[in-house]
Amino acid sequence: MPDADLIIQARWVIPVDAENTQLNNHAIAIVDGRISAIFPAADIHRWNAAQIIDYSSHALIPGLINTHTHAAMSLFRGIADDLPLMQWLENHIWPAEQAFVNEQFIQDGSQLAIAEMLRSGTTCFSDMYLFPEITARIAATIGIRCSIGLIVIDFPTAYADTPEAYISKGLELYDEYKHHPLVNFTFAPHAPYTVADAPLQRVRILADELDIPLHMHVHETQDEINQGLDKYNMRPLQRLHQLGLIEPGLLAVHMTQLNEDEIDLLVEKAIQVIHCPESNMKLASGVCPVQKLLDRGINVALGTDGAASNNDLDMLGEMKTAALLGKLQQQDASALPATQILRMATINGAQALGISDQTGSLEVGKWADFCAIDLSGIENQPIYDPVSQIIYSAGREQVTDVWVAGQQLLKNRQLTTVDEQDLLKRVESWQQRIRQHSLAGQHGN
């Protein structure tokens, strides 16, 4: 009789495997934090399990992977809504960052973001922000999987003064956590319009040497394209190509402004594209041609962007938005079907981050990263297809339980490794300070 630390049986198990299998009344056995077996629930009696959990009305899916975030910016949620990107950045976000961003801000903001993500089924996030060592520490302490961006930008911040300083600090962080089971890395040059040629070339060399991806905002707005043409006499993707950054390890975030030649280049170089539909819609940045990219064989993953521009980190909501926007854009109701959207939020994200052998699907040998979604409520009845129900009907409030590497981080909607009341008190303190600063700025104008 085989042993298991934990067996979870559920009404539906959605592995997100190559065949998009849907398993009815199946169970997952977990040993040492990894998936040991997936089998019919009727065979549980053949196992010697330390614990058995029964989810008779739930679907088990791989933990969602949020492939683009600025976690600590959750503390800026709602301070500058209804503005275009550059006005939002230059007049509101960057001044607020100068006034408030420090190590305590990153600690509290990252914890707030991770708590929100866990409560909506996310088990892995890819971050790009200042003081990445703080976000890495908070994520590891809470127990969520992460891919930490080693940020590089030309201008000075509270974190570093020069591109060389950003890179040096990033390398120190990489060395500290490179063997941690939950912490992975990307190099994260912010955007073509904020990083000069020399640091971009340096980052490319280091990313190749360390074999980690590059994570970068690319072709987010038409204004970005215009800036590239004015300053370099070429579009940003062309410049990045000349600098050697257009390679399979590039995670190109947003990609709302693409012509046919550029799509050909993405196909040729097997670039990873990260789609952030809600942020792009809110900032009126444009629409990534997702179905066209998928049809050409390009891997497209899903991210929320930061809560300052979304304004949430809800991957269930992001999936529904991506599906509906993709259909509207293509003028085709069959575009971006539910199974494809779920892949974008799970295994495609893992592939983009270079960790698809470890997570992103429910398969034997992978880490036990998954979430349970309760589909028993009136709002989800009747159920003909659980995947469609998850994409088009379910909300994050139906995520009841979440595991990462076999550790339960959300139990019956309660976080197990975060003191929610203490967190809310700290967030309220930041809210009061940031609000006073915003009101003072408005008065000064």
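If you read the sequence from its start, that first residue is 1, and numbering goes on from there. Everything numeric in this text was worked out from a predicted model, so none of it was measured. Hydrogens, waters and symmetry mates are skipped; everything else that's a heavy atom, side chains included, is used.
Between E318 and N66, the side chains place no donor N or O within less than 3.5 Å of an acceptor N or O (distance only, hydrogens not considered).
Considering every non-hydrogen atom in both A80 and W88, the closest pair reads O-CD1, 2.9 Å. For E262 against Q257, the heavy-atom pair with the smallest separation is OE1-O, 3.6 Å. Looking at every heavy atom in both residues, S36 comes nearest to V31 through CB-CG2, 3.7 Å.
Of the possible donor and acceptor atoms, one in the side chain of Q331 sits under 3.5 Å from a partner among the backbone N and O of L328. Between the side chain of N48 and the main chain of M1, no donor-acceptor pair closer than 3.5 Å is present. A donor-acceptor pair under 3.5 Å links the side-chain atoms of T417 to the main chain of I142, judged by distance alone. Between the side chain of Q389 and the backbone N or O of P382, at least one donor-acceptor pair lies under 3.5 Å.
Looking at L410, L409, I8 one by one, the single match for side-chain contact (heavy atoms from CB on, under 4.5 Å) with W403 turns out to be I8. Of the residues L325, L85, T256, the one that meets the side-chain contact (heavy atoms from CB on, under 4.5 Å) test with N280 is T256.
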side-chain hydrogen bond (donor to acceptor under 3.5 Å, both in side chains) between S56 and D54, intermediate numbers included: CA-CA 6 Å; S56 59; D54 182 9; 5.0 Å; no

L200 and M216: CA distance, side-chain angles, deciding distance, side-chain contact (heavy atoms from CB on, under 4.5 Å) verdict: CA-CA 11 Å; L200 284 176; M216 188 177 192; 3.7 Å; yes

N310/S279 under side-chain hydrogen bond (donor to acceptor under 3.5 Å, both in side chains): CA gap, chis, key distance, verdict: CA-CA 5 Å; N310 184 300; S279 178; over 6 Å; no

Steps toward side-chain hydrogen bond (donor to acceptor under 3.5 Å, both in side chains) verdict (H70, H68): CA-CA 7 Å; H70 309 287; H68 180 63; 3.3 Å; yes

Stepwise side-chain hydrogen bond (donor to acceptor under 3.5 Å, both in side chains) test for Q398 and N380: CA-CA 10 Å; Q398 293 165 243; N380 292 114; 2.4 Å; yes

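In this pair, F39 and W47 present their aromatic rings parallel. The plane angle is below 30°, not in the 30 to 60° band. Between H190 and Y193, the two ring planes are perpendicular [angle over 60°; tilted spans 30° to 60°]. Under the 30°/60° scheme for interplanar angles, the aromatic rings of H180 and Y177 are found to be tilted. Below 30°, between 30° and 60°, or above 60°: for F76 and F105 the angle between ring planes is between 30° and 60°, a tilted geometry.
Ion pairing between a basic and an acidic side chain is recognised when a charged N comes within 4.0 Å of a carboxylate O; D264 and R296 show such pairing. A salt bridge links E116 to R77: at least one charged side-chain nitrogen sits closer than 4.0 Å to a carboxylate oxygen.
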